[in-house]
Amino acid sequence: MAINNMRVQFALASALGLTAFVGLPASAQTTGTTIAANAEVTESCVVTSTALQFGGADVTDGAAHAGTGGLNVMCTMDTGWTATADIGTGTGATIALRGMTSTAGGGQPLNYVLYNDNTTTSPWGDGTGGTLPITGTGTGAIVPIVLAGSIPAGQTGIPAGTYADVVQVTVNY
């Protein structure tokens, strides 16, 4: 009986021993890598405008009439930019003296000067004919620029009506 008891104990111990090995977790392994992140920030600019408004201009008073408008330029931080304006679509216009044409057609243009600031000291254009471009450096935020206009005095022979012009703005950066 002692031998049978030993066999039972051995069998029991062996069974328990195997169970103990089976219940242990396997040794954990890890591995890793890195992910590189890359980007190239490109220079860019966005420009929008608000119309140059003169309102009701009574040219029979012989006086000059002022108008205001605006330009918004937003460029990538530290991006240098230059904004120029062409002569517009008015008949007989020059870069220094633009002309609004009657929307009814015909007639002479209503001349005006477009300035790059509200002090009316610097006619805005492309750098020719006494005009200056607008320059700046991007901040990453919208830079508002006040534009001013003046309908010169002495245009008393202009017929009543609605007058308009379209000036192309170009921002180089």
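Just so you know, residue 1 is the first one in the sequence shown, and it goes up from there. Remember, predicted model here, so these are calculated numbers, not experimental data.
- Shown here for Gly99 and Ala93, the closest heavy-atom pair between the two residues is N-CB, 3.7 Å.
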Exercise. Give the C-alpha distance, both sets of side-chain angles, the deciding distance and a yes or no for side chain to side chain contact (heavy atoms under 4.5 Å, CB included) between Ile151 and Met100.
Key: CA-CA 10 Å; Ile151 296 172; Met100 291 181 272; 4.1 Å; yes
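- Using a distance-only test at 3.5 Å, with no hydrogens or angles considered, no donor-acceptor pair links the side chain of Gln168 to the main chain of Ala85.
- In this structure a side-chain-to-backbone donor-acceptor pair under 3.5 Å is missing from Trp124 to Ala96.
- Rounded to the nearest 0.5 angstrom, Asn111 CG and Ile158 CD1 are separated by 7.0 Å.
- For the pair Leu52/Tyr112, a side-chain contact is recorded, criterion being any heavy-atom separation below 4.5 Å from C-beta on.
- Although no hydrogens or angles enter the test, the distance criterion places a donor-acceptor pair under 3.5 Å between the side chain of Thr131 and the main chain of Asp126.
- In this structure the side chain of Asp86 never reaches within 4.5 angstrom of the side chain of Thr170, judged on heavy atoms.
- In this structure, Ile95 is not a member of the same hydrophobic cluster as Leu97, with clusters built from ILVMFWY side-chain heavy atoms closer than 4.5 Å.
- Considering OG1 of Thr68 and OH of Tyr115, their distance stands at 14.5 Å, rounded to 0.5 Å.
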Give the intermediate values and the outcome of side chain to side chain contact (heavy atoms under 4.5 Å, CB included) for residues Ile87 and Val167.
CA-CA 6 Å; Ile87 65 172; Val167 175; over 6 Å; no
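- The only member of Asn72, Val73, Thr48, Val47 that meets side chain to side chain contact (heavy atoms under 4.5 Å, CB included) when paired with Ile142 is Asn72.
- Two different hydrophobic clusters hold Val171 and Leu132 under the rule that ILVMFWY side chains link at heavy-atom gaps under 4.5 Å.
- A distance of 11.0 Å separates OG1 in Thr162 from CG in Leu110, rounded to the nearest 0.5 Å.
- Under a 3.5 Å cut-off, the side chain of Arg98 and the backbone N or O of Thr89 do not form any donor-acceptor pair.
- Listed for the Thr76 side chain is no donor-acceptor partner under 3.5 Å among the backbone atoms of Thr79.
- Trp81 and Met74 fall into different hydrophobic clusters, where Ile, Leu, Val, Met, Phe, Trp and Tyr are joined by side-chain heavy atoms under 4.5 Å apart, directly or via other members.
- Here Ile134 contributes atom CD1 and Ile145 contributes atom CD1; the two are 5.0 Å apart, rounded to the nearest 0.5 Å.
- Put simply, the side chain of His65 never gets that close to the backbone of Pro152: no donor and acceptor are under 3.5 Å apart.
- Between the Asp165 side chain and the Gly90 main chain, a donor and an acceptor come within less than 3.5 Å of each other.
- One distance of note links CG of Asn116 with OG1 of Thr135; it measures 9.0 Å at 0.5 Å rounding.
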